[in-house]
**Student:** 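Attaching a single structure in structure tokens format; questions to follow.
First the proteins, then the strands, lettered A, B, ... as listed; each starts at 1. None of these values were measured; they are calculated from a predicted model.
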Number of protein chains: 2
Amino acid sequence: MEFRIEIDEKSGVPYYRQIMEQVKFAMARGHLQPGDRLPTVRQLAVDLAINPNTVIRAYRQMEIEGVLETQQGSGTYVGRHQPKIDRLEKQRMLDQILTDLLARASAYGYSVEEVLEGLRQRKEES
Amino acid sequence: MEFRIEIDEKSGVPYYRQIMEQVKFAMARGHLQPGDRLPTVRQLAVDLAINPNTVIRAYRQMEIEGVLETQQGSGTYVGRHQPKIDRLEKQRMLDQILTDLLARASAYGYSVEEVLEGLRQRKEES
DNA sequence: TCTGGTGTGCTATACATATATAACACTAGA
DNA sequence: TCTAGTGTTATATATGTATAGCACACCAGA
């Protein structure tokens, strides 16, 4: 399963929200299918180096929303009701990421063009 | 001056950070030039319908970083003396920023191409 | 000089976020 | 039945975020 969560500590976005967003995006992309088992609370907490309560908060919130189903003693699973992530929301998230990127870059004197060029080189290398 | 700030209440990103990001982004794309006067603390607070202290926090943080200069009684301005940064460190920082970006983008399922396209659009807008 | 607009400083309050720690309840498998 | 692993709950603590309100200091212009 190509499903990995990463926490950006510098983004200012609460950890539990980052977890929720990435799980939902993975579901929308099909990387997480209904019935799939999510990482355990404890394991994900260790992987992300955060407190288990923070993972619980993200999972529980998504269960309330109906996108996840938890079975105490067994695990947390992807529910049948897929979250709706429309084009607008995807665009908004990309905008947010790009704004954050450009803000950091400009703090070091980079222009949009320079960032663009740097990214092109990255792409070529891979 | 085509410089406008908007607050996304749903994003989870603190208001003062959104202000900082957008000011820096406007600088990067040239919409804000050194010496330009920023909106007053009170005016921006009214426009964004937030508390003046939140605006102050954003401005003060950027002054500490050296990107803004405040003149009490007069206003807040884009700094004329942008911080000098060692070229090597600058290059290293761009690498770091790009790495962070790509990690975050991939966590949300965006491809390098999508990120590139988003950046191109940003460039066109400026 | 006076006045209005500006940034600054401070206190207080409320809420959100994340942590640490410990216990509890349920499930699956040996 | 026992055990390990799972999600759950609770308490306490620290920090971050945003608000409200007030007083003060500085500057430019009338």
**Student:** Report, one line per pair, each donor and acceptor closer than 3.5 Å where one atom sits in a side chain of residues 80-88 of chain A; sequence neighbours left out.
**Tutor:**
residue	atom	partner	partner atom	Å
A:Asp86	OD1	A:Leu88	N	3.4
A:Asp86	OD1	A:Glu89	N	2.8

**Student:** Let me check the geometry of the helix from C:dT1-D:dA30 to C:dA30-D:dT1. What is the bend angle between the axes at its two ends, five pairs each, to 10°?
**Tutor:**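 Answer rounded to 10°: the end axes differ by 20°.
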**Student:** What I want to check is whether the side chains of A:Gln18 and A:Ser11 have a donor and an acceptor closer together than 3.5 Å.
**Tutor:**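 Indeed, the side chains of A:Gln18 and A:Ser11 share at least one donor-acceptor pair under 3.5 Å.
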**Student:** Please report the distance, rounded to the nearest Å, between CG in B:Leu44 and P in C:dG7.
**Tutor:**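 Rounded to whole Å, this separation is 10 Å.
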**Student:** For B:Gln43 and C:dT6, what is the distance between atoms CD and P respectively, to the nearest whole Å?
**Tutor:**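 Taking CD of B:Gln43 and P of C:dT6, I get 8 Å after rounding.
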**Student:** Measure from CD1 on B:Ile56 to P on D:dA23 and round the result to the nearest Å.
**Tutor:**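 Rounded to the whole Å, the gap is 16 Å.
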**Student:** Counting any heavy atom closer than 4.0 Å, what does A:Tyr15 reach on the DNA or RNA strands: base, sugar-phosphate only, or nothing?
**Tutor:**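 The residue A:Tyr15 makes sugar-phosphate contact but no base contact.
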**Student:** Nearest whole angstrom, please: distance from the P of D:dG7 to the CD of A:Gln61.
**Tutor:**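 Distance check: A:Gln61 CD to D:dG7 P gives 17 Å.
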**Student:** Look at the side chain of B:Arg42 and the base of C:dG7, then say whether one donor and one acceptor between them are separated by less than 3.5 Å.
**Tutor:**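 Between C:dG7 and B:Arg42, which were checked side chain against base, a qualifying N/O pair under 3.5 Å is present.
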**Student:** Salt bridge between A:Lys123 and A:Glu125, side-chain N to carboxylate O under 4.0 Å?
**Tutor:**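 So A:Lys123 does not pair with A:Glu125 through a salt bridge.
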**Student:** Could you tell me whether the side chains of B:Tyr108 and A:Glu21 share a donor-acceptor contact shorter than 3.5 Å?
**Tutor:**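 Distance-only check passes for B:Tyr108 and A:Glu21.
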**Student:** Among C:dA25, C:dG7, C:dA18, which is the nearest nucleotide to the side chain of A:Pro14?
**Tutor:**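 The answer is C:dA18.
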**Student:** For residues B:Thr70 and B:Glu63, is any side-chain donor paired with an opposing acceptor at under 3.5 Å?
**Tutor:**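 The criterion, which ignores hydrogens and geometry beyond distance, is satisfied for B:Glu63 and B:Thr70.
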**Student:** Measuring to OP1 and OP2 of C:dT19, would you say a side-chain N or O of A:Thr54 lies under 4.0 angstrom away?
**Tutor:**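 It does, given that an N or O in the side chain of A:Thr54 lies less than 4.0 Å from OP1 or OP2 of C:dT19.
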**Student:** Would you kindly give the CG-to-C1' distance between A:Leu48 and C:dT19, to the nearest whole Å?
**Tutor:**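 Distance, rounded to whole Å: 15 Å.
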**Student:** Check whether any side-chain nitrogen or oxygen of B:Arg57 sits under 4.0 Å from OP1 or OP2 of D:dG16, and answer yes or no.
**Tutor:**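 Answer no for this pair, as no side-chain N or O of B:Arg57 is under 4.0 Å from OP1 or OP2.
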**Student:** Taking only side-chain N and O atoms of B:Arg60, does any of them lie within less than 4.0 angstrom of OP1 or OP2 on C:dG7?
**Tutor:**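 The answer is no; no side-chain N or O of B:Arg60 sits under 4.0 Å from OP1 or OP2.
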**Student:** According to a strict under-4.0 Å criterion, is B:Tyr16 in side-chain N/O contact with OP1 or OP2 of D:dT17?
**Tutor:**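 The answer is yes; a side-chain N or O of B:Tyr16 sits under 4.0 Å from OP1 or OP2.
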**Student:** Hey, does the Lys NZ or Arg CZ of B:Arg122 hover above the aromatic six-ring of B:Phe25, less than 6.0 Å from the centre and inside 45° of the axis?
**Tutor:**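 Relative to the ring axis of B:Phe25, which defines the angle, B:Arg122 lies inside both limits.
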**Student:** Distance alone, cut at 3.5 Å: any donor-acceptor contact between the side chains of A:Gln96 and A:Asp100?
**Tutor:**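 No pair is found: no donor N or O on one side chain lies under 3.5 Å from an acceptor on the other.
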**Student:** Once you round it to whole Å, what is the distance between P of C:dT6 and CZ of B:Arg37?
**Tutor:**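 Those two atoms, CZ and P, are 7 Å apart.
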**Student:** Between the side chains of B:Ser74 and B:Arg37, does any donor sit under 3.5 Å from an acceptor?
**Tutor:**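 No, because no side-chain N or O of B:Ser74 sits under 3.5 Å from a partner of the opposite role on B:Arg37.
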**Student:** Any N or O donor-acceptor pair linking the side chain of A:Asn53 to the base of C:dT17 at under 3.5 Å?
**Tutor:**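 Side chain to base: no pair present.
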**Student:** Please tell me which of A:Gln71 and A:Ala49 maps to the more 5' nucleotide of DNA chain C, matching each residue to the nucleotide holding its nearest heavy atom.
**Tutor:**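 Nearest-nucleotide comparison on DNA chain C picks A:Ala49.
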**Student:** From CE of A:Met62 over to P of D:dG7, roughly how many Å is that when rounded to an integer?
**Tutor:**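 After rounding, the gap between these two atoms is 12 Å.
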**Student:** Tell me whether the OP1 or OP2 atom of C:dA20 has a side-chain N or O from A:Asn51 closer than 4.0 Å.
**Tutor:**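 It does, given that an N or O in the side chain of A:Asn51 lies less than 4.0 Å from OP1 or OP2 of C:dA20.
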**Student:** Write down the distance between CD (B:Gln72) and P (C:dG9), rounded to a whole number of angstrom.
**Tutor:**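 Value for this atom pair: 8 Å.
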**Student:** Indicate whether OP1 or OP2 belonging to D:dT8 is found under 4.0 Å from a side-chain N or O atom of A:Thr70.
**Tutor:**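 Result: yes.
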**Student:** Does a side-chain N or O from B:Thr76 land closer than 4.0 Å to OP1 or OP2 of C:dG7, or not?
**Tutor:**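 For C:dG7, OP1/OP2 do have a side-chain N/O of B:Thr76 under 4.0 Å.
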**Student:** Just checking A:Ile50: base, sugar-phosphate only, or nothing, at a heavy-atom cut-off of under 4.0 Å?
**Tutor:**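 If one applies the 4.0 Å heavy-atom cut-off, A:Ile50 turns out to touch the sugar-phosphate alone, with no base involved.
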